[in-house]
Amino acid sequence: DGGSMIVLSAADSGSDVSLDVGDQLDVELESNPTTGYSWELGPLPDGLQLVSSDFEEPGGSLVGAAGTQVFVLDVVGPGSGILRFEYVRVFDDPVVAAQIVEYVVTITGD
């Protein structure tokens, strides 16, 4: 319905993000699955719905080069909370995040 598209990266971690119902939120995080690490999405704040999570290969022919993991979320209702991503190797025991990215999300509208 003509909402805005907001794109966030790891550089935006810790920031306050204001969204309106109808917006689309893309979170683009550098990732290198050849190391065994990938980004895991924490519990979603009310009002956000995950549409997709895809890995975009790096340009060029560098084997083992980092690409970008892209999370696409629709803003479907009002709410607020912490949108959290952890860069983990899921097979580690215990799983310890190598990096954490968080955004403070506030959604307005109906």
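Since this is a predicted model, take the numbers as computed values, not measurements.
In this structure, CD on E86 lies 8.0 Å from CD on E102, to the nearest 0.5 angstrom. Atom-to-atom distance recorded for Q69:CD and S53:OG is 4.5 Å, nearest 0.5 angstrom.
When all heavy atoms of F91 and G36 are compared, the pair lying nearest together is CE2-O, 3.9 Å. Nearest heavy atoms, S80 versus P45: O-CB, 3.9 Å. Between A10 and Q99, the shortest heavy-atom contact is CB-NE2, 4.0 Å.
Residue pairs meeting the ring-ring contact (aromatic ring centres under 6.0 Å, His included) criterion with at least one member in residues 9-48, sequence neighbours excluded: Y37-Y87, W39-Y87. Among residue pairs with one or both ends in residues 24-38, none qualify as salt bridge (charged side-chain N to carboxylate O under 4.0 Å, His left out); sequence neighbours excluded.
Between P78 and V21 the shortest side-chain heavy-atom distance falls below 4.5 Å. The shortest distance between side-chain heavy atoms of L83 and L48 falls below 4.5 Å. Y103 has its side chain out of reach of I82: every pair of non-hydrogen atoms, C-beta onward, lies at least 4.5 Å apart. No side-chain heavy atom of V27 sits under 4.5 Å from any side-chain heavy atom of L41. L25 is listed as a side-chain neighbour of L19, based on a closest heavy-atom distance under 4.5 Å.
When hydrophobic side chains of Ile, Leu, Val, Met, Phe, Trp and Tyr are connected at separations under 4.5 Å, V88 ends up clustered with V90, V95. F55 belongs to no multi-residue hydrophobic cluster, having no ILVMFWY side-chain contact under 4.5 Å with any other such residue.
D92 meets the salt bridge (charged side-chain N to carboxylate O under 4.0 Å, His left out) test with R89; sequence neighbours excluded. Judged as a salt bridge (charged side-chain N to carboxylate O under 4.0 Å, His left out), and not counting sequence neighbours, E56 has no contacts.
Hydrophobic cluster membership is shared by V70 and V51, with clusters built from Ile, Leu, Val, Met, Phe, Trp and Tyr side chains linked at under 4.5 angstrom. Under a hydrophobic clustering in which Ile, Leu, Val, Met, Phe, Trp and Tyr are joined whenever their side-chain heavy atoms come within less than 4.5 Å, directly or via other members, V72 and L8 fall into different clusters. By the criterion of side-chain heavy atoms lying less than 4.5 angstrom apart, applied directly or through intervening Ile, Leu, Val, Met, Phe, Trp or Tyr residues, F85 is not grouped with I100; the two fall into different hydrophobic clusters. Linking ILVMFWY side-chain heavy atoms closer than 4.5 Å, directly or via other members, places L44 and L29 in a single hydrophobic cluster.
D74 places no side-chain N or O within donor-acceptor distance of the main-chain N or O of V76, the cut-off being under 3.5 Å. Of the possible donor and acceptor atoms, none in the side chain of S4 sits under 3.5 Å from a partner among the backbone N and O of I6.
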